Each structure stands twice: as structure tokens, then as C-alpha cells.
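Following: one structure in C-alpha cells, then a few remarks.
Residue numbering restarts at 1 for every chain, and letters A, B, ... go by the order of the sequence lines. Keep in mind that this is a model prediction, so the values were computed, not measured.
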There are 2 protein chains.
Amino acid sequence: MNLKELSSKLGLSPTTVSRALNGYPEVNEATRERVMAAAKRHNYHPNTRAIRLATGRAMAVGHVIPIATRHEIVNPVFADFIAGAGETYSRNDYDMVLSVVPDDQEENTYRGLKSKGNVDGVIVHAPKMNDPRIALLRDVGLPFVVHGRATGTALPYSWLDVNNRRAFQRATEFLLDLGHLRIGLVNGLEFMDFAIRRRTGYVDALTQRGIAIDPPLMSSDEMTEVAGYRAARTMLNLSAPPTAFLVASMISGMGVRRAVEERGLAMGRDISVIIHDDDLSYMKNGEDLPIFTATRSSVREAGRLTAEMLLELIAHPDIGPQNRLLEAELIIGQSTGPAPRP
Amino acid sequence: MNLKELSSKLGLSPTTVSRALNGYPEVNEATRERVMAAAKRHNYHPNTRAIRLATGRAMAVGHVIPIATRHEIVNPVFADFIAGAGETYSRNDYDMVLSVVPDDQEENTYRGLKSKGNVDGVIVHAPKMNDPRIALLRDVGLPFVVHGRATGTALPYSWLDVNNRRAFQRATEFLLDLGHLRIGLVNGLEFMDFAIRRRTGYVDALTQRGIAIDPPLMSSDEMTEVAGYRAARTMLNLSAPPTAFLVASMISGMGVRRAVEERGLAMGRDISVIIHDDDLSYMKNGEDLPIFTATRSSVREAGRLTAEMLLELIAHPDIGPQNRLLEAELIIGQSTGPAPRP
DNA sequence: AATCGCCTTCAAACCGCTTTGGATGGCGCA
DNA sequence: TGCGCCATCCAAAGCGGTTTGAAGGCGATT
């Protein structure tokens, strides 16, 4: 059942039927109702492909997922972010199209998405320092919103981010207030923007309290269980081991816990641990009482909001760059306590 | 730059240019090369929306992700599966469109996808027992492949699955061979098809060795860290606690480990644990030597293969249902050992 | 009665490609 | 020389909608 069939069945022109269904004013209300009823009765759904060609809009948003050719980590945060963004798209009748491409193909992919007209805009994931994608997308002329920010980028652009610096600064202060003086940082890869900011927060807090930065207490690696374990184990083996850890993610945190317990230490008593909790649905930080003390910010909510921002940008291309900074909350769990007396 | 412009620039008809670019035989090789060169020079990319309308194909595959209105768990396995499937789509110039919808909208979503022509086929995730989606999709006439199977479905349909029953049967036998007689099953939700099959494998192995099934040693819940912890703790509190656990996932396994260590027991010595390892990129089971003994099967590879199967089905609608059963391998890690003598 | 203007409706162009059904011209062959 | 065939190219008709420009009908105005 297509428009032509439906309109001839109704004894109307396709023009009128189309207008009736799309809520245009220049159609008699009685006619509109007749059309609506017939559309429902015949289960008429306009063909998306035709709409897209006719309107010149793709009614779709792209997410490009680069697969690193070296270490093929699929960001675990990704699923929840996508779920959040997807909710927004569904509500607004947009499609979400995912492109999984080798990372050396990312630029081509963006250009292709634009020139082939597959999408009306894109969301940029996991920005790095001086991320080239921002200039690229600006150049290409594809509306975009960055989930995160890219330190070093001069051009204005739209982004939504968590205040990572502040979150880790507060967390560090919290540990300092508990009397911890040697705090190990188990960070993500520090070419990632969020990791840079978290480190800055950590360093700032220590510096403000006049505590010297000790490089062996700062590690940076993939946010996996194994990497977290390894980093924590290495630090615990130092002659002056840390009494607390500040950890980049829930998953890294499980690795840290493994290292701590393997050593016969008790988390929350011998060693304090604070993680950043993305509030992943499959990786809840405990139930009523959190396992880990954590800086928490829902990445799913971030997905919803980022997508909304992008749709706004697509609808009003002239509003200019939008920005939004979310604050993480500090959740007190069982993994922190006063520094043990030496 | 569109086809008309390009063709007039070349002094050729759109027909010929289109044919030249699409490799049709009725065009002079010299002409073809001239066209190809011009297309590259002017950076011509045919408009996807137009191609789709003209050919009647969407060149896209749908993945419907139902968001349970009650417990909003985003399947953690999902990201890797998607990454795998996405690789296949990219290679074949297909788009992957994700629909995140409330689970009571799933049926409507499939019908809409078909009638609006957004996709050429779909992949069905997380099949349940007697899954209604199979009959629905057959009825709707949308090509589909199920990742997993649906016990209780009489109709033939295409699927790709891991031999879950066999994997858990072997794992159970492995534990029995180590002398474990009381083995706790920390299963996923048992309305999920894979969980049913795993349980069957577990039960079969015990039964064949003449060991009675003890219901308190079988649990079924969401595959989260917390649920795993809770299940293991409950079983360890039994008057006759298990000496080994068979666990549905890496994440549940971390919870089990927490419960084990909280009790002052050592994994691999006091308690043996076998998990199922989906080989998630962000959740590797250790590095050279695995943390957990595991039944392993890459869900990412499953994504690749399932997508290939679907594209095959779309290209040749008449080949009929395709099936493929993958075997999981048993990986020996540090988490298993002989049953402690009573 | 003629004109104006509004409310409805419609025919046709258009979006940018594919594909059908010719046309054209050169060449081999009788 | 004439004919048929093949290689090559093209005009035009879709695909299924949206949108522009125009027109018919009718009450109100003059």
C-alpha cells in the first residue's frame, strides 16, 4: 500500500493525502480525518526511502566506532551510551546507524557518510587530545556533537561532557581528608581526553595540599580488569606503597580489588579505593550500599542528552555550538576508610 | 556532484555513467575508465537515498534492542556482538541500524521496519523459550537470523548459536573429574534460551554420573556482578556448601570471586570456578594464563558470522533456513583444582 | 453582477538514481 | 552491395514520496 493507491482509493490526489497525513494546514479537517482513518485501516506507512529522497534528509544519525587495528578494545561504556542515545532517536523517529570501521578508515567514513547522504549528523566518541575529527567534521560540514571534549582544539564545537577534572579532584580531596597521603592513580589511557582531565584533577588536589606528585603512583593504561590488576599490583610492590587508589572505571576497579585481596589486604580497611562509576546497567556498583566509593555519572543519561543536543543542532543548524557539562556525584561506599596508622 | 552533473561533464548519458560505475558489461572499457577517473576526480559518490529508492533495497540491516521496562539491563555482550556484525556490514557496504525500543514496542518496531522499508533484514538477539519474534518475523516477511535458538519453536528458521549444552556438560564433567561432587550453578535467567541449554548440560552431566540434582545448588538470575555475588554467597552459606561453581559469565564470575574471597577462601584451591567466557574485548579472562577456567566462545566472531549469514539470506532469499552451531573451547585457568578432601 | 480572496484541492515537477527498451553505427559475411 | 549482428550508448520511465504553482468553488464585498 503506497501513497498513490491510498489516494486513489480515497478519490483524492496524492498531494492532499500527503498533506493530510503530515499535518499541513491547507486541508479540510473533515478530509484529514477521512484520510487518517483510511491510512490506519489500510495500514499505510509511507516508505522511508522515498521520504528521504524527497525531503533530502536522512532522518538518521551516525555513530562511527573505530576499531583500533592494534588493541581491539570495544569500549564497554559504549553499549550504555548507545542505549541512551537510541532512546532519544526512537522517540524522535530517527534511525541510529552504526559504522564499525578500522580506525585508519575513520576519516573516509565521515566523508562518505556526508557525501552519500546516509546521515544528518554524527556523534563523536572518545575524543583524544587535539582530536583531528573536530576540524574534519567542521570541514566536511556534517553537524556533530562530541561526547567529551578535546583538549587543544581551538575551534568551537558542540560537546557534552562530565566534569572529570572536578570529579577526580573531589575524590582525591576525600581521600586526603581521610588521611591518605600516598594515593595511587589507576588512570585510563592518557591520550584520551577524559583521562587527561582526571589526572589534572588528581594532581591539582595534591598540589593544593602541598603534597608532591610521585610518578610511580600514577599509571595509565587500558581500562580492563587485567590492566587494573597489574597497575595496582605494581604499586603495592613499591617500597612505599599507596594506602589508597583512585581508579578510572568499575572494571579496572575489579582488577585493583583482585590485586588488593591477593595481597591479603582488605579493601576499605587496609586500602581505600575510589572508582569512577559510569553507572552501567550490567555493572552496577552494588545495590543499596555501593561496593566502591565512587564518582558517579550515568553514561546512559549522557547518551540521551547528547543525542538530544544533536537533534537540536540538526533541526536548527544556525544555533551554533552547544555545550553542556555534567557534574559527577560522589557516592560513599564500602571501599574507603581512614588511612591506617603507619 | 550528482550523476547528472557528472554525466554532462563527460558528455555521456546518466545511463552510461551509472552502468560504467556499477560494472555493467554493456559499456566500452575505455569509456568506463574515463568515467571512473572522472568520478574519482570530482569526488562523486552516488546518493544513498536515491539508490535505495531506485533499487528498492535498503542496504541496511536492523538490530532491535528491547529495553526491558522492568530491569533495564543492557546486555554487556551486546557491544562486542555489534562490533563483530558491524565489521561484516562495513565490508559489504551495508548500514547497521539499531532500534532501541521499550520491549512492549518490539513487535511494532519490526512491523514498522518492514512496512517503511528501513531495512532488508534483522538480527534477533537474546531469544527466549518459545520466542514469539520468530513467528512474527516469518509472518511479516522480513529476512532474519537469530543469534541463539528458541527452544519450543517448531517453525524452521535461521540461527547461529554456541553449543551451550555441550559446553556446560563438558565443564561439569571436568569438575567431576577433579573430584567435585557438589557443584553450584550460577546461571543466567532461565527464560533465556542459552541459560536453559546450559542448565541442561549441567544436569545431564550430573545425571550421567549418577549424582542427584540438588535444587539449592542451582540459581538463576541476571548476569551481573552483584547477582553472581549474591548467588555464590547464598550457596556458600548452605550447611553443605558447594566445592565448585559453574558460572554463566565473566561478570557473574567476578561476583562469585568476591563472595569466595570474602569468606576467606581461595579460588582454585578451596573452591573451583568455571565461567563461560564470551571473550569480550574489554573483559579479557587474564592474559597469557587465564584467571578463570572457562568455556570460551567469541561473541564478536559470532557477530561477524551471524551478519554474514543474514547478508547471504538477503542476497538469496530462496536458500531457506541456515543454521550453524559453534563449539566452545574449554580453557584451563587458575580457578580450578582438585576438590579439597573433606 | 462583477470582483476579490480564502479555502481546498490538484497536476506536475522534482529528489537522484536504476533499468527497460530502443537507437545508432561499424563490421563481418553472403 | 545489402543484411544482420553486436557493441555501445541513450531517452525515458520508473521508485514513492514532497512541494510548487495554479485552479476551482464559493461566500463576501463593492
Between D:dT19 atom C1' and A:Arg52 atom CZ, what is the distance in whole Å? 20 Å

Between C1' on C:dG21 and OH on B:Tyr24, what's the gap in Å once rounded to a whole number? 15 Å

Would A:Asp95 and A:Arg52 pass as an ion pair if we require N to O under 4.0 Å? yes

N/O donor-acceptor pair, side chain B:Arg19 with base C:dT20, under 3.5 angstrom: yes

Go through D:dT18, C:dT8, C:dC17 for me and flag the one nearest to the B:Ala54 side chain. C:dC17

Respond yes when some side-chain nitrogen or oxygen of A:Asn2 is under 4.0 Å from OP1 or OP2 of D:dC15, and no when none is. no

Applying a 4.0 Å non-hydrogen cut-off, can you work out what A:Ile51 is touching in the nucleic acid: base, sugar-phosphate, or nothing? sugar-phosphate

Can you check the B:Met59 CE to C:dC17 C1' distance for me, whole Å? 14 Å

B:Ser18 side-chain N/O to C:dC17 phosphate OP1/OP2 under 4.0 Å: no

When you measure only distances, ignoring hydrogens and angles, does the side chain of B:Thr15 come within 3.5 Å of the base of C:dT19 through a donor and an acceptor? yes

CG/B:Leu313 to CG/B:Asp120 distance, rounded to the nearest 0.5 angstrom? 11.5 Å

Give, ordered by number, those residues of residues 29-39 of chain A having at least one heavy-atom distance below 4.0 Å to an atom of DNA chain C; if nothing qualifies, reply none. A:Thr31

Atom CG of A:Leu53 and atom P of D:dG14: how far apart are they, to the nearest Å? 17 Å

Any side-chain heavy atom of B:Asp279 sitting closer than 4.5 Å to one from B:Val299? no

Under the side-chain hydrogen bond (donor to acceptor under 3.5 Å, both in side chains) rule, what do B:Asn2 and B:Asn47 come out as? Steps first, then yes or no, please. CA-CA 8 Å; B:Asn2 58 22; B:Asn47 184 300; over 6 Å; no

Can you tell me how far C1' of D:dG16 sits from CZ of B:Arg57, to the nearest Å? 17 Å

Side-chain N or O of B:Asn28 closer than 4.0 Å to phosphate OP1/OP2 of D:dA7: no

Phosphate-side-chain proximity, B:Ser13 and D:dC9, N/O vs OP1/OP2 below 4.0 Å: no

Once you round to the nearest 0.5 Å, how far does CG of B:Asn323 lie from CG of B:Asp161? 10.0 Å

Side-chain ion pair, B:Arg300 and B:Glu87, N-O less than 4.0 Å: yes

OP1 or OP2 of D:dG17 sitting under 4.0 Å from any side-chain N/O of A:Tyr44? yes

Looking at D:dC15, I'd like to know if its phosphate oxygens (OP1 or OP2) sit under 4.0 Å from a side-chain N or O belonging to A:Asn47. no

For B:Lys4 and C:dT18, give me the distance from atom NZ to atom P, rounded to whole Å. 14 Å

Residue pair A:Arg138 / A:Leu155, side-chain heavy-atom distance below 4.5 Å: yes

Establish, yes or no, whether a centroid distance under 6.0 Å links the rings of A:Phe78 and A:His63. no

Just how far, in rounded Å, is C1' of C:dG16 from CG of B:Leu21? 14 Å

Would you mind classifying the nucleic acid contact of B:Gly11 as base, sugar-phosphate or nothing, using non-hydrogen atoms under 4.0 angstrom? sugar-phosphate

Nearest listed nucleotide, side chain of A:Thr16, among C:dC17, D:dT8, C:dC10: C:dC10

To the nearest Å, give me how far apart NE2 (B:His45) and P (C:dG16) are. 16 Å

